Amino acid sequence: MANQVAKLSFWGVRGSTPTVDRATWRYGGNTPCLELITPEGGRLILDCGTGLRILGNRLAAASDKALEAAILVTHYHWDHIQGIPFFAPLYSSQNRFRFYSFQSEFIGRDSLKRVFEAQMAHPYFPVDLQAMSAGRDFTDVEGGDCFTIGKTRVKTCWLNHPQGCLGYRIETPVGTIVYATDNEPGNLELDRNLRRLAEGADIFINDAQYTPEELERHRGWGHSSWREGVRIAEAAGVRNLVLFHHDPDSSDKAIDGILRDAREQFENTWAAAEGMVMTLGEEQTDVVIPAVRDGLRREAHFRAHVTGLTQEGKAFSEDTVIRDLSLHGALIYLDHSPKLQSELQVTIENPGNGDHTDRALRGYVVRIEPGPEKDQVGVGIVFTE
């Protein structure tokens, strides 16, 4: 069928622990949770971090119909399971969920079921597991397994992470998504596993918690860097690399720098952001970045000069007018279409009080939309410095 797509939404992208710092608002502070809607309308949920709560609230508010989903859990560290007790659809008897994960040598049989019970046991949670009336099935899988969910084929492999972790390759009729969070390079066999898992993927989501320098100081912690992600992406011939599992101490500006370094070596790199949606079709992958928290907005008419890179990576320079200004960003109209998550240099003419000193700002592209004139685009930017 023509125009089939798979829609991948990011509900939590932070690693280790959630954050609420102002410095992390733009990329988001919830721990890992992704949602994939397959071309035939099936729903897969990847990991159950605190982002699962937001997804659950959205699902519960959107429809009163029964929900079904397959939930793939990579491992049992807190940041990947701590959203389970707060997932609203689990408290409705009309819903049904099938969970997939591995049998932990530290937990034993029915590992994931026992993880549920432990999180909601006294004195850790006010109600016990009986409050969850939704149907729940648990399936044990391990590295090297293959299984199907509807028309979607799922392959697994072991990743190099303390106490174990699974990577998932999800093959849909319109393309392949590989989810490989929490992996540390250095184990040759597991590195080869990951390379094979990522082979030819349209979207490769890889752990990038550390910079290359930080990685050397955190050997044994089970995480990777943008440089390792680029290396795998190039070797495996992937189309899009998504840097994921951002360190809780990495500010938005720090992640901007990581993304900039990665794009210098692999152009189709994205930094996972809460609310980001990647739509995978047979011809291309579209990316939409959510608007960040709004500040006080005012209409404006400031002349400005903008330089940056287009979607094709070509440098551009043009004059424009800032039409809408907030305390943290602006909306401008350009003849050129810059790349999402790229930096723009914006020089604004100061019109007030006879002070004609130009103000040079660095902006970060968070939104592209049609402009008011033919061949124009509206560009939403956040000022970072």
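A quick note: this is a predicted structure, and the numbers were derived from the prediction, not measured.
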Using distance alone, with no hydrogens and no angle criterion, decide if D286 and T279 have a side-chain donor and acceptor under 3.5 Å apart.
no
At what distance, to the nearest 0.5 angstrom, does CG of L52 lie from CG of N57?
9.5 Å
Can any side-chain N or O of S250 pair as donor or acceptor with the backbone N or O of A254 at less than 3.5 Å?
no
Do I37 and V154 belong to the same hydrophobic cluster, where Ile, Leu, Val, Met, Phe, Trp and Tyr are linked whenever their side-chain heavy atoms lie under 4.5 Å apart, directly or via other members?
no
Does a salt bridge link E117 with R114, judged by any charged N lying under 4.0 Å from a carboxylate O?
no
Kindly say whether A360 contributes a backbone atom to a donor-acceptor pair with the side chain of Q345 at under 3.5 angstrom?
no
Quick one: does R196's side chain get under 4.5 Å of E199's, heavy atoms only?
no
Counting only heavy atoms from other residues, nucleotides and ligands, does the tally under 6.0 Å from CZ of R219 exceed 12?
yes
Sequence neighbours excluded, the answer for side chain to side chain donor-acceptor pair (under 3.5 Å) partners of Y210 is none
Side-chain (D191) to main-chain (G186) donor-acceptor, under 3.5 angstrom:
yes
Determine whether a donor-acceptor pair (N or O, by modelled atom type, separation under 3.5 Å) exists between the side chain of D110 and the backbone of K113.
no
Please go through V178's hydrophobic cluster and name the other residues, only I, L, V, M, F, W, Y counting, with side-chain heavy atoms under 4.5 Å joining them.
L159, L194, L197, F204, W226, V230, I232, V238, L241, L243, I258, F266
Could you label the plane-to-plane angle of the F244 and F10 rings as parallel, tilted or perpendicular, counting under 30° as parallel and over 60° as perpendicular?
tilted
Closest approach of P89 to F97 (non-hydrogen atoms, all atoms of both residues):
CB-CZ, 3.6 Å
With a 4.5 Å cut-off on side-chain heavy atoms, are L309 and S342 touching?
no
Report yes or no: does E318 contribute a side-chain atom to a donor-acceptor pair with the main-chain N or O of H336 at less than 3.5 Å?
yes
Shortest non-hydrogen pair, L331 vs Y333, comes out as CD2-OH, 3.8 Å
Report, as yes or no, whether the 6.0 Å neighbourhood of atom CD on E216 holds more than 12 heavy atoms from other residues, nucleotides or ligands.
yes
To check you understand the geometry: which heavy-atom pair defines the closest contact between N206 and S224, and what is its length?
ND2-OG, 4.1 Å
In sequence, state the C-alpha distance, the side-chain angles, and the governing distance for V321 and I332, and then conclude on side-chain contact (heavy atoms from CB on, under 4.5 Å).
CA-CA 6 Å; V321 173; I332 59 178; over 6 Å; no
Test T176 against every option in I203, L280, D202 by the side chain to side chain contact (heavy atoms under 4.5 Å, CB included) rule and name the one that passes.
D202
Side-chain heavy-atom pair L72, D47 within 4.5 angstrom cut-off:
no
Quick test of your reading: applying side chain to side chain donor-acceptor pair (under 3.5 Å), list the pairs with at least one residue in residues 371-382, sequence neighbours left out, ordered by first then second residue.
none
Under 3.5 Å, is there a donor on one side chain and an acceptor on the other for D145 and T156?
no
Measure up the W158 and F102 rings against each other and bin them: parallel (under 30°), tilted (30 to 60°), perpendicular (over 60°).
perpendicular
Determine whether a donor-acceptor pair (N or O, by modelled atom type, separation under 3.5 Å) exists between the side chain of D21 and the backbone of A23.
no
Please work out whether the ring planes of H161 and H75 are parallel, tilted or perpendicular, with thresholds of 30° and 60°.
perpendicular
Please tell me if the side chains of K253 and R362 come closer than 4.5 Å, counting only heavy atoms from C-beta onward.
no
Looking only at atom types and distance, does a side-chain atom of Y179 sit under 3.5 Å from a main-chain N or O of L166, one as donor and one as acceptor?
no
Atom pair CZ/CD1 of R169 and I177 - distance to nearest 0.5 Å:
11.0 Å
Evaluate the criterion side-chain contact (heavy atoms from CB on, under 4.5 Å) for residue pair E40 and T152; output intermediate values, then yes/no.
CA-CA 9 Å; E40 66 270 22; T152 298; 3.8 Å; yes
Is any side-chain heavy atom of S225 closer than 4.5 Å to one of E214?
no
Where does the angle between the aromatic ring planes of Y364 and Y27 fall among parallel (under 30°), tilted (30 to 60°) and perpendicular (over 60°)?
perpendicular
Can you get from L46 to L59 by hopping between Ile, Leu, Val, Met, Phe, Trp and Tyr side chains that sit under 4.5 Å apart?
yes
Polar side chain donor-acceptor pair, D182 to H80, under 3.5 angstrom
yes
Residues two or more places apart in sequence or in another chain: which of them pass side chain to side chain donor-acceptor pair (under 3.5 Å) with H246?
none
Hey, could you give me each pair passing side chain to side chain donor-acceptor pair (under 3.5 Å) that has a residue in residues 86-98? Not counting sequence neighbours.
R96-D137, R98-T139
Between K339 and V365 the two heavy atoms that sit nearest each other are O-CB, 3.6 Å
Establish whether W78 and W221 are linked, either directly or via other cluster members, by ILVMFWY side-chain heavy-atom contacts under 4.5 Å.
no
Considering all heavy atoms, the nearest C146-R153 contact
SG-NH2, 4.0 Å
Sole candidate of D79, T31, I71 that passes side chain to side chain contact (heavy atoms under 4.5 Å, CB included) when paired with C48
I71
For T17, which residues count as a side chain to side chain contact (heavy atoms under 4.5 Å, CB included) partner, sequence neighbours excluded?
P248
Can you find a heavy atom in the side chain of V287 that is under 4.5 Å from one in the side chain of Q341?
no
Centroid separation Y76 to F106 less than 6.0 Å
no
Tell me whether the centres of the aromatic rings in F147 and Y100 are closer together than 6.0 Å.
yes
Between NE2 on residue H218 and CD on residue E213, distance to nearest 0.5 Å
12.5 Å
L340 and W270: side-chain contact (heavy atoms from CB on, under 4.5 Å), yes or no, with the steps?
CA-CA 9 Å; L340 279 171; W270 310 90; 3.8 Å; yes
Do L34 and L8 make a side-chain contact, defined as non-hydrogen atoms from C-beta onward lying under 4.5 Å apart?
yes
N30 backbone acceptor or donor facing R53 side chain under 3.5 Å:
no
Determine whether R26 and I255 make a side-chain contact, defined as any pair of heavy atoms from C-beta on separated by less than 4.5 Å.
no
When you measure from the side chain of S111 to the backbone of S104, do you find a donor-acceptor pair of N or O atoms at a distance under 3.5 Å?
yes
Without hydrogens or angle criteria, can the side chains of T24 and T19 be said to hold a donor-acceptor pair below 3.5 Å?
yes
Heavy-atom donor-acceptor pair, Q4 side chain to P173 backbone, under 3.5 Å:
no
Going by atom types alone, do E35 and W11 pair a side-chain donor with an acceptor below 3.5 Å?
yes
Q284 side, atom CD; N240 side, atom CG - distance, nearest 0.5 Å
10.5 Å
To check you understand the geometry: which heavy-atom pair defines the closest contact between V115 and I107, and what is its length?
CG2-CD1, 3.8 Å
